[in-house]
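Residue numbers begin at 1 in each chain, while the letters A, B, ... track the order of the sequences. Here the structure is a predicted model, which is why all the values come from computation and not from measurement.
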Amino acid sequence: MKKDENFSEWYSQIVEKAGLADYISAKGFIVLRPYGFAIWDLIKSYLDQKFKETGHLNGFLPCLIPESLLNKEEKHFKGFNPEVFWVTSSGDSLLSEKLALRPTSEALLYSIFPKWISSYRDLPLKMNFWNTALRAEIKSTKPFIRNSEFLWQEGHTAHANKKEAEDEVMTILYLYKHFIEKVLSIPTISGYKSNKEKFVGADYTTALEGMMPDGKALQLGTSHNLGLNFSQPFEIKFLNKNNNEDFVWQTSWGISWRLIGALIMVHGDDKGLILPPIVAPIQIIIIPIYKDVNEHLVKDHANRLRDSLLALGYRVFVDERDEFTAGWKYNEWEMKGVPVRINIGQRDIENNNVEVVRRDNRQKNIVPMDNLSKEIEKIFQSLQTDLYCKAETFLKEKTKVITNFDDFKGILDGHSGFIVTGWCGNEDCEVRVKEDTGADIRVIPFDSKDLPTGPSMTNDVIRDCIYCRKKANKLVIFAKAY
RNA sequence: GGGAUCGUAGUCUAGCUUGGUAGGAUGCCAGCCUUGGGCGCUGGAGGUCGUCGGUUCAAAUCCGGCCGGUCCCA
């Protein structure tokens, strides 16, 4: 399957052939297979540790939310209503109140916060939940990218003052950014969402936006400042040091298994997945190459090699299956994206070396046994940075500074990408552009130095709003999005 | 939201126009052979043709509803 020729088909093929997920006969729902779940597990354990290091504790929330609760913050409710699944009966009898399958847990969790928060001593309250959310996707679903139920993590915090909440929003956003860029090797652009695109119920939303190989944007993580928007309707109050009642300042934030989708799209090639080492369920695959006469000798060597690599902390697997040839196994493990493969046969044993193949460029190297761990470490390092650089180069190539609307439309008619331009800040212009081109404001970068196009040129070049030509007060990135 | 297209064995698919015995590949099982880029040979098992209904002596095939997948456009 060719990634360049039919990207969408290629993507669905990888999901199935690499054994990540499968379909079930309910629209928009998928089944995660062990290999796909293992990737999620690795993402989860990495981030979970970071959350704990920054003072967050995990909890568990029910998946049903009474309508009245969801309804309490009006805008929030309206925003989610079209995609909420409702439970209306138990057995044959109708429920007295409809229950929503949680599209997100703010309302549910915040209804109970008042019981837990009464004094400034109870703050900050910082919790996280690893669960799923349900949002009905009527049309165009895509595994990991758009599903009616998805695995995610939602963090929720309450703070004594505005500044602390603002800091929390940024702490988490940069924690995500570090993970996505340094661990998943996917470059991102960080910034604010426009009012139209922000989380319903937030004062403002910060986000990380990535670019997929078809030039479309994919939101990879969000962190919201909820201000007092929930604490007021839910009456989450505390006594401050001066014995006055105050409302808490809140944040919420999340990433989802979309990150797996991004990994597939950004790094994969015609041979299949390519996984960065930290999130690879199997980091090293050992293929013993043997004949009947030396089968035991070679397999013993392979297993000893595995044991020594396991002892060094690597996730290693020896593919001892007799029913497949070596060549078949190469293809299989390349499809699954295993970063490093080690071939070991009679002649390697005699020469006290092994053949090491890295997944991304499939370069083969004969490596002496004594150098092996050093070589693996080197490959892991360079894989991590090479994957990032490749994606970053692409991002830069596909990001253009545009100052007039005709050029803007022209670019989006062909293959899309990111467009850096000016915006007056008026939502009408944003809506019009979306109607005319299908692109909307993905992110309002915090700083022009974060732009892939570099700061020097953009500050001077962009003066007007791309649509109404009035003075631009924001530098924004427009793109089509998933 | 609009359009197109598909659903046949675990998987991929032929057959559908012109109604009449479901065929292949791959995988699976048994036995041999072999393994440095999807090896080879022999034999075997595996099917409510997505689902519900209609037309017909007869439906995988024609018609309609529903369910699900995929793609394109908004």
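Residues satisfying the ring pair (Phe, Tyr, Trp, His ring centres under 6.0 Å) test with A:Phe144, not counting sequence neighbours, are A:Trp257. By the side-chain hydrogen bond (donor to acceptor under 3.5 Å, both in side chains) test, A:Arg146 pairs with no residue at all, sequence neighbours left out. For A:Val340, the side chain to side chain contact (heavy atoms under 4.5 Å, CB included) partners are A:Ile284, A:Ile342, A:Val356, A:Ile379, A:Phe380, not counting sequence neighbours.
Judged by distance alone, with hydrogens and angles left aside, A:Glu332 brings no side-chain donor or acceptor close enough to the base of B:G37 to form a pair under 3.5 Å. Between the side chain of A:Lys364 and the base of B:G37, at least one donor-acceptor pair of N or O atoms lies under 3.5 Å.
With B:G37, B:C71, B:G69 as the candidates, the nucleotide lying closest to the side chain of A:Thr141 is B:G69. Between B:G38, B:G37, B:G69, one nucleotide has an atom nearer to the side chain of A:Tyr330 than all others, and that is B:G37. Picking from B:G36, B:U35, B:C71 the nucleotide with the shortest atom distance to the side chain of A:Lys291 gives B:U35. Looking at the side chain of A:Arg362, the nearest of the listed nucleotides B:G68, B:G37, B:C71 is B:G37. For A:Ile289, taking side-chain heavy atoms from C-beta onward, the closest of the listed nucleotides B:C71, B:G36, B:G38 is B:G36. For A:Phe324, the side-chain atoms get nearest to B:C28 when compared with the rest of B:C72, B:G36, B:C28.
The same atom, C1', is picked in B:A30 and in B:U48; the two are 29 Å apart, to the nearest Å.
With respect to A:Arg135 and A:Glu149, no salt bridge is recorded, no charged nitrogen being found less than 4.0 Å from a carboxylate O. In summary, A:Arg358 and A:Asp386 engage in a salt bridge, as defined by a charged side-chain N under 4.0 Å from a carboxylate O.
Spacing between atom CG of A:Asp322 and atom P of B:G31 amounts to 13 Å, rounded to whole angstrom units. As a whole-Å value, the separation of A:Tyr290 OH from B:C33 C1' is 14 Å. Atom CG of A:Asn294 is separated from atom C1' of B:U34 by 12 Å (rounded to the nearest Å). Going from atom NZ of A:Lys271 over to atom C1' of B:G38 covers 8 Å, rounded to whole Å. Rounded to whole angstrom, the span from the CD1 atom of A:Ile286 across to the P atom of B:G36 amounts to 18 Å. Between the C1' atom of B:U70 and the CH2 atom of A:Trp10 lies a distance of 16 Å, rounded to the nearest Å. We find that CD of A:Glu323 is positioned 14 Å from C1' of B:A30, with the value rounded to whole Å.
None of A:Arg362, A:Arg359, A:Lys390 except one satisfies the salt bridge (Lys or Arg N to Asp or Glu O under 4.0 Å) rule with A:Asp269; the exception is A:Arg359.
Mapping A:Gly438 and A:Ile366 onto RNA chain B via the closest heavy atom, the residue that lands nearer the 5' end is A:Ile366.
A 4.5 Å side-chain heavy-atom check between A:Ile285 and A:Arg315 finds every atom pair outside the cut-off. Using a 4.5 Å cut-off on side-chain heavy atoms (C-beta onward), A:Leu61 and A:Arg102 make contact.
Across every non-hydrogen atom of A:Lys336 and A:Leu275, the tightest pair is O-CD1, 3.7 Å.
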> Could you write out RNA chain B as a dot-bracket string, with dots for unpaired bases, | for bases paired across to another strand, and Watson-Crick or G-U pairs counted at under 3.5 Å?
Replying inline: (((((((..((((......[..)))).(((((.......))))).....(((((..]....)))))))))))).
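Residue contacts for A:Lys27: at a heavy-atom cut-off of 4.0 Å it reaches the sugar-phosphate backbone alone, with no base atom in range. At a threshold of 4.0 angstrom between heavy atoms, the contacts of A:Tyr23 are confined to the sugar-phosphate backbone, with no base atom among them. At the heavy-atom level, A:Glu320 lies nowhere under 4.0 Å from the strands shown.
For A:Ser194 and A:Glu427, the side-chain atoms include no donor-acceptor pair closer than 3.5 Å.
Of the residues in residues 341-352 of chain A, those placing a heavy atom less than 4.0 Å from an atom of RNA chain B are A:Arg341, A:Asn343, A:Gly345, A:Gln346, A:Arg347, A:Asp348, in numerical order.
A cation-pi arrangement, defined by a distance under 6.0 Å to the six-membered ring centre and an angle within 45 degrees of its axis, is present between A:Lys216 and A:Tyr482.
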> How does protein reach along nucleotides 2-12 of chain B, written 5' to 3' as B (base within reach of a heavy atom under 4.0 Å), S (only sugar-phosphate), or - (no contact)?
Replying inline: B----------
